[in-house]
Amino acid sequence: MLSPEEWEAVRLTLEVAARAVGFGLPLAIVTAWLLARTRFPGRPVLNALVHLPLVLPPVVTGWLLLILFGVRGPIGTLLFDWFGIRLVFTTAGASLACAVMTFPVMVRAIRLSLEGLDPGLEQAARSLGAGRLDRLFTVTLPLASPGILVGAVVAYATCLGEFGAVITFAANIPGETQTLPLAIYAALQVPGGEAKAAQLSLVSFTLAVIGLLLSELLGRRLNRRLGR
Amino acid sequence: MLSPEEWEAVRLTLEVAARAVGFGLPLAIVTAWLLARTRFPGRPVLNALVHLPLVLPPVVTGWLLLILFGVRGPIGTLLFDWFGIRLVFTTAGASLACAVMTFPVMVRAIRLSLEGLDPGLEQAARSLGAGRLDRLFTVTLPLASPGILVGAVVAYATCLGEFGAVITFAANIPGETQTLPLAIYAALQVPGGEAKAAQLSLVSFTLAVIGLLLSELLGRRLNRRLGR
Amino acid sequence: TVFAAASLTDALKDVASVWVKQGHPAPRLSFAASSTLARQIEQGAPANLFASADEKWMNYLVDRHLIAADTRRSLLGNDLVLVVPANHPRHVDIRPGFDFASLLGRDGRLAMGDPTHVPAGIYAEQALKKLGVWNAVSPHLARAEDVRAALLLVERGEAPAGIVYGTDAAVSKGVMVAGIFPADTHDPVTYPFAVTKAGDTPEARALLAFLAGPEARAIFVKRGFKVE
Amino acid sequence: MSLSVRLRHRFPDIALDVEFAVPDPGVTVLFGPSGAGKSSIIAAVAGLLRTDAARIEVGGTPLADTGSGLWLPPEKRRVGLVFQDARLFPHMSVETNLRYGLRRAPQGPIRLDTVVDLLGIRALLPRRPRTLSGGERQRVAIGRALLAQPRLLLMDEPLASLDASRKAEIMPYLTQLKTDLRLPVLYVTHAPDEVAQLADWVVLVESGRVVGHGPVSEIAARADLPFAQRDDAGALLLAEIAESDGRRALTRLVAGGASFWVPLLDGPIGTRHRIRIPAREIILATRAPEAISLHNVVPGRVRRIAPEGPRRSVLVEIGLPDGALLSRVTIDAIARLGLGEGAEVLALIKSTSIEVLPG
Amino acid sequence: MSLSVRLRHRFPDIALDVEFAVPDPGVTVLFGPSGAGKSSIIAAVAGLLRTDAARIEVGGTPLADTGSGLWLPPEKRRVGLVFQDARLFPHMSVETNLRYGLRRAPQGPIRLDTVVDLLGIRALLPRRPRTLSGGERQRVAIGRALLAQPRLLLMDEPLASLDASRKAEIMPYLTQLKTDLRLPVLYVTHAPDEVAQLADWVVLVESGRVVGHGPVSEIAARADLPFAQRDDAGALLLAEIAESDGRRALTRLVAGGASFWVPLLDGPIGTRHRIRIPAREIILATRAPEAISLHNVVPGRVRRIAPEGPRRSVLVEIGLPDGALLSRVTIDAIARLGLGEGAEVLALIKSTSIEVLPG
Ligand SMILES: Nc1ncnc2c1ncn2[C@@H]1O[C@H](COP(=O)(O)OP(=O)(O)OP(=O)(O)O)[C@@H](O)[C@H]1O
Ligand SMILES: Nc1ncnc2c1ncn2[C@@H]1O[C@H](COP(=O)(O)OP(=O)(O)OP(=O)(O)O)[C@@H](O)[C@H]1O
Ligand SMILES: [Mg+2]
Ligand SMILES: [Mg+2]
């Protein structure tokens with residue numbers, strides 16, 4: 001049904017999504033916590049920056065990434081010189097692009113959950129001797145877990161569909177950075193490729209449905225645990 | 001600083017965003033409520049459909065919209081025959097594309113808020129004689145208002161940056177459907193257009209920051225009202 | 001690695017498979033918009049060969065000394081054609097001052113690539129100007145992101161006519177060619193190929209030579225391209 | 001306006017199997033230890049807990065009958081509900097909270113101003129719930145439930161977080177609701193003073209079952225039920241004013257066929273009250289004492305001497321012509337006075353020991 | 001382990017200005033009407049409410065001193081806090097909730113098993129908080145606070161939702177904590193029985209200010225303070241067992257320089273107790289009566305007759321050699337017996353009227 005190259009794209013998509021969620025989520029949690037719970041001078045700037053990938057067309061985001069993380073870019077040079085890491089045109093780069101694109105939504109979902117928490121429970125934890133980080137890990141985050149889950153699901157789904165930033169930053173290299181959306185794009189660029197595109201879209205959709213079902217199950221368990 | 005045509009793009013972007021949020025939000029609320037509070041046979045399907053625009057590359061979404069809402073499409077035909085409404089190539093169409101693209105995130109944010117509510121308050125409303133809709137408007141939605149606000153903000157921001165679906169469905173018609181992201185994209189396609197693209201991106205970013213600041217203010221008030 | 005314009009996807013894949021059959025290692029192919037590819041090469045992308053859909057992005061790289069200038073050659077050409085939906089077949093005699101108004105109807109639009117950046121759109125603008133109908137037609141354009149999108153608009157009947165490449169029109173079942181723009185109405189449609197400076201290997205040069213060779217030509221012709 | 005409840009429900013750890021019927025309007029108190037199932041009964045009657053089996057009727061109207069598949073949704077039941085936690089709407093002011101049920105109810109006799117003054121919450125009206133103290137919150141919740149003009153009032157420990165003087169203000173109003181509006185009330189409390197003052201009917205619940213159930217005067221005077229095992233047990237009698245002596249500042253009440261002098265009460269002859277006489281405040285004697293600040297020497301006959309209660313004492317049920325008193329005395333006293341079942345005895349009662357409660 | 005608190009804070013509608021110091025470890029009860037500021041004081045001592053000005057010391061260690069800018073965060077104060085609402089962690093089992101503070105505290109004397117059995121929550125350990133009843137929840141919250149091995153215990157109406165028998169089990173344990181661990185406790189309650197049984201020191205709070213403050217026996221016998229205006233006022237005396245008569249099942253206690261016979265108590269001679277004698281259960285006489293079930297005829301002298309209290313009665317403060325009793329009698333009785341300040345009088349007290357509480 002699918003060609004080996006397309007299977008490879010499926011595998012790659014899942015890998016990219018996994019990496020993007022895996023690396024993006026912790027950072028998103030920290031950012032959401034900073035935005036929800038602290039008041040520091042640079043807060044509005046951080047808030048605006050977080051939303052940037054949403055506000056700019058994906059191609060522009062990809063282009064900015066290229067400029068920042070490219071081999072000639074300021075961060076890219078550092079990474080390469082110090083760690084020998086190269087992001088552009090690699091799977092890692094595709095994951096980065098994808099993580100950046102979903103970052104705003106992850107942060108918003110987690111922040112929404114954090115801001116909806118009952119402050120009384122954290123007060124209770126304090127009175128029981130739990131310090132800031134302790135509280136964060138034992139009370140705040142578990143209670144915000146439905147928001148974290150939503151962040152992860154949305155990020156996963158977005159990675160299945162993210163195209164502009166990935167192709168611009170990481171190029172469209174089969175087996176390396178050609179994820180499903182890029183393959184779909186490629187198919188659409190070819191006269192008569194609609195059937196192929198539709199087929200790949202269906203694959204993408206199937207992956208999404210599987211992810212969604214899992215997340216619904218998990219979400220229901222989380223909510224039950226939290227007594228809702 | 002900006003050419004009249006670019007000012008027009010700014011105006012149009014705001015109009016598209018406003019329409020997208022204005023029409024999308026109520027629908028998103030209904031959908032979120034259905035997903036959060038009811039169990040009906042088609043629920044998983046609805047859930048999957050809602051996420052579709054996230055999962056597919058934007059171009060494909062635009063393409064699907066064209067098939068559905070185009071003059072030959074099933075819905076497009078109905079709309080045209082009954083109401084004389086034409087969506088393709090119009091501002092309304094751009095808004096539709098934009099609304100569809102942001103729909104998943106709006107729904108998730110609102111649903112997250114709904115699922116986080118204390119069921120006890122709705123029980124209290126019931127015991128006071130409030131029926132389903134009554135409860136929804138007087139208790140559930142006000143309590144979920146932070147989530148609705150997040151949905152609106154994210155939708156607004158997305159509209160500022162949404163490109164693929166809009167151009168595919170509504171094309172790039174100055175004064176009609178050429179929003180900022182389309183103008184930015186066009187600028188980037190020309191060698192040496194980076195400066196223009198950067199300038200327009202800055203405009204876009206400014207609009208986003210204004211929206212964000214307003215939403216932060218409003219959000220803080222909402223949360224204060226809810227006693228958080 | 002070959003960086004090639006997305007419209008060459010199928011043709012180049014076919015050529016590559018023949019090349020592999022002859023015992024060469026498989027080249028990696030990355031398809032995207034010419035602008036994206038050029039910027040990536042500028043940022044140090046590991047490309048050996050660049051196949052652009054228009055001259056200006058090739059010039060862009062040449063100006064930056066990123067291309068082995070001696071290898072640049074325009075291998076392929078294409079026709080610019082006027083298409084109409086297949087279910088409303090008609091023939092148009094393309095000559096100076098021909099009646100676009102009647103072709104488009106009262107509020108129909110002419111679908112074509114965005115003349116500000118899409119090569120096919122630029123050629124089309126040249127042709128329409130030469131034919132003296134540009135001023136009449138330009139308010140009625142549906143500017144698409146690329147040729148494929150323009151074609152889609154005609155296929156779906158959204159636009160009563162469109163200007164695309166002959167290769168695209170040939171494959172699509174939804175449209176028929178109503179007329180071919182005479183070659184003297186626009187600059188020749190060419191696809192420049194070249195080896196990049198950074199990736200200037202004997203292998204790359206050999207592949208470029210193969211692309212100019214008879215086996216490759218046969219494939220290109222089969223796909224509807226004109227070859228030199 | 002009778003109330004009849006029959007419920008069966010299985011929680012993982014405890015099974016609820018409850019049945020009781022109250023013939024008249026009035027306050028039915030659910031009494032029992034923590035975890036007995038009182039709140040669950042309230043929730044089921046309100047329609048918020050869907051029990052496995054239920055048959056609930058108020059004044060002849062069925063609210064639920066799982067047999068015939070009837071299950072009125074909570075919003076159709078018109079039951080006013082005060083939760084154990086206040087559950088105020090955080091996004092509304094106190095006033096909007098109060099008006100929430102009022103606006104949705106048919107025109108009714110319970111007025112906003114009355115309730116606000118009664119509960120002492122006028123100064124709180126513009127405030128947000130989160131700024132209220134625990135007791136303030138609970139008072140608003142009571143007001144909100146009352147204003148919904150319910151045809152049945154369910155109250156789950158409504159006064160637990162209030163001080164005695166505030167309670168003393170609210171309780172008579174609840175009594176008045178019952179008499180004036182014939183409003184049945186189902187009331188959960190752990191406080192004996194609330195039982196004495198409000199209860200017409202008592203349902204004793206323990207681990208999901210009803211262990212005793214009847215009019216409060218009957219339950220209160222039964223030495224064998226858990227209700228009388230309490231340290232502060234005491235008989236409850238329905239009384240009427242027989243005469244008032246302004247000069248001595250005393251009023252004579254007739255209750256259970258005997259006379260009781262209490263400190264002067266307002267109200268004409270015939271006014272109905274209820275009196276509660278704590279068991280440990282009744283002194284028994286076989287001869288009338290002299291020169292004592294005591295006004296009441298009530299003759300009776302020992303009906304039952306209940307096995308040793310708490311603190312090495314016995315509970316003596318003393319039959320009056322039409323009712324009973326409970327007296328807790330030491331074993332030693334029984335011996336000294338030579339009391340036995342059927343013996344004639346005098347109950348000595350300080351007039352101030354008699355709690356006079358509104359009828 | 002003394003406790004001293006000084007707070008000032010402005011809420012929009014009420015200003016808090018409170019100062020009190022307790023010399024010894026023991027239970028200090030905050031008593032006052034709803035909205036007086038009790039929970040706010042607790043929150044400030046816990047560090048959860050940052051007041052405009054504060055100086056708080058426990059056993060000489062300052063927890064907060066806005067003068068010098070000291071404000072220990074709540075997690076550093078090691079105060080166990082029981083909130084008015086239980087605030088259990090919904091995502092943890094009951095057991096995990098209990099262990100939350102335990103795990104974070106230094107090794108301490110309060111053991112999980114002891115607390116679990118005391119509170120009767122062993123069967124609840126694996127359950128989730130949302131499935132608990134109101135009283136079960138509150139018991140878990142008490143256990144959680146105790147297990148954090150606090151050096152100061154703050155309890156805001158911890159027993160309000162519990163039934164009398166459960167309360168009777170928990171209160172002695174709290175008393176024991178105080179004596180065995182020398183743990184100071186700041187305790188909010190509206191229930192007079194909790195005051196009588198637990199309080200060593202009483203702080204009367206009204207609209208944000210302290211209106212009275214002292215050892216419980218002093219506050220309880222003061223006819224002029226709000227605490228004695230209550231219907232169930234009564235004197236509190238510290239007592240010691242003087243002799244026990246097994247045959248008559250009586251024990252004689254010495255308190256305030258007088259003897260009181262009460263139903264037999266366990267414990268050797270010298271065991272310390274506290275006794276509470278409700279004012280309305282004391283009968284006054286000028287001549288000793290005969291043939292009566294009464295064991296206690298305590299001579300004293302009228303010290304003060306307080307202006308008419310509730311229900312047309314007067315409160316009589318009767319001086320004992322070393323303490324005081326309160327008796328509520330009718331105006332008529334005063335007249336009949338011809339009592340005036342300084343008059344010799346006999347206080348007749350049923351032995352069962354004397355509440356004997358752990359010392
Ligand atoms: N955040 C706040 N904003 C405004 N007023 C407040 C706030 N918190 C408390 N108050 C007011 O301060 C007063 C004291 O509140 P507090 O909770 O300390 O009372 P309390 O003595 O515990 O009463 P209760 O017995 O009813 O619990 C109340 O009148 C309350 O309305
Ligand atoms: N959802 C539930 N799942 C499991 N057990 C439950 C659930 N709800 C209540 N229970 C159990 O049912 C019993 C009765 O609970 P209920 O709340 O009715 O008690 P209660 O009599 O109101 O007690 P309290 O005086 O402490 O409020 C309790 O033992 C409780 O643990
Ligand atoms: Mg309960
Ligand atoms: Mg309080």
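For the numbers below, each heavy atom of this structure counts, side chains included, while hydrogens, waters and symmetry mates do not. Lettering follows sequence order; numbering is per chain, from 1.
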Can you tell me how far apart [atom1] ([X]) and [atom2] ([Y]) are? Round to the nearest 0.5 Å.
| X | Y | atom1 | atom2 | result |
| --- | --- | --- | --- | --- |
| A:Arg126 | E:Lys76 | CZ | NZ | 9.5 Å |
| E:Met92 | A:Leu226 | CE | CG | 11.0 Å |
| E:Glu75 | A:Glu122 | CD | CD | 11.0 Å |

Residue by residue, scan residues 128-142 of chain A and write down, ordered by number, those that have a heavy-atom distance under 4.5 Å to chain E; if none do, write 'none'.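 So the qualifying residues are A:Leu128, A:Gly129, A:Ala130, A:Gly131, A:Arg132, A:Asp134, A:Arg135, A:Thr138, A:Val139, A:Pro142.
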Has [X] got more than 12 heavy atoms of other residues, nucleotides or ligands less than 6.0 Å from its [atom1]?
| X | atom1 | result |
| --- | --- | --- |
| A:Phe205 | CZ | yes |
| A:Arg11 | CZ | yes |
| A:Arg221 | CZ | no |
| A:Arg19 | CZ | yes |
| E:Arg10 | CZ | no |

Options E:Pro90, E:Gly101, E:Pro150, ranked by heavy-atom pairs under 4.5 Å with chain A, top entry: E:Pro90
Among E:Thr131, E:Leu48, E:Val79, E:Leu147, residue most engaged with chain A (heavy-atom pairs, under 4.5 Å): E:Leu48
Give me the atom names and distance for the closest heavy-atom approach of E:Arg87 to A:Gln123. NH1-OE1, 3.0 Å
Where do A:Leu121 and E:Leu88 come nearest, in terms of heavy atoms and distance? CD2-O, 3.2 Å
For [X], is it the side chain, the backbone, both, or neither that has a heavy atom closer than 4.5 Å to a heavy atom of chain A?
| X | answer |
| --- | --- |
| E:Arg128 | side chain |
| E:Pro73 | both |
| E:Arg103 | neither |

Pairs in or reaching into residues 100-153 of chain E: which pass ring pair (Phe, Tyr, Trp, His ring centres under 6.0 Å), with residues at least two apart or in two chains? E:Phe89-E:Tyr100
Qualifying side-chain hydrogen bond (donor to acceptor under 3.5 Å, both in side chains) pairs, either residue in residues 21-33 of chain A, two or more places apart: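 Those involving residues 21-33 of chain A do not exist here.
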If the condition is side chain to side chain donor-acceptor pair (under 3.5 Å), which residues does E:Ser40 pass it with, not counting sequence neighbours? none
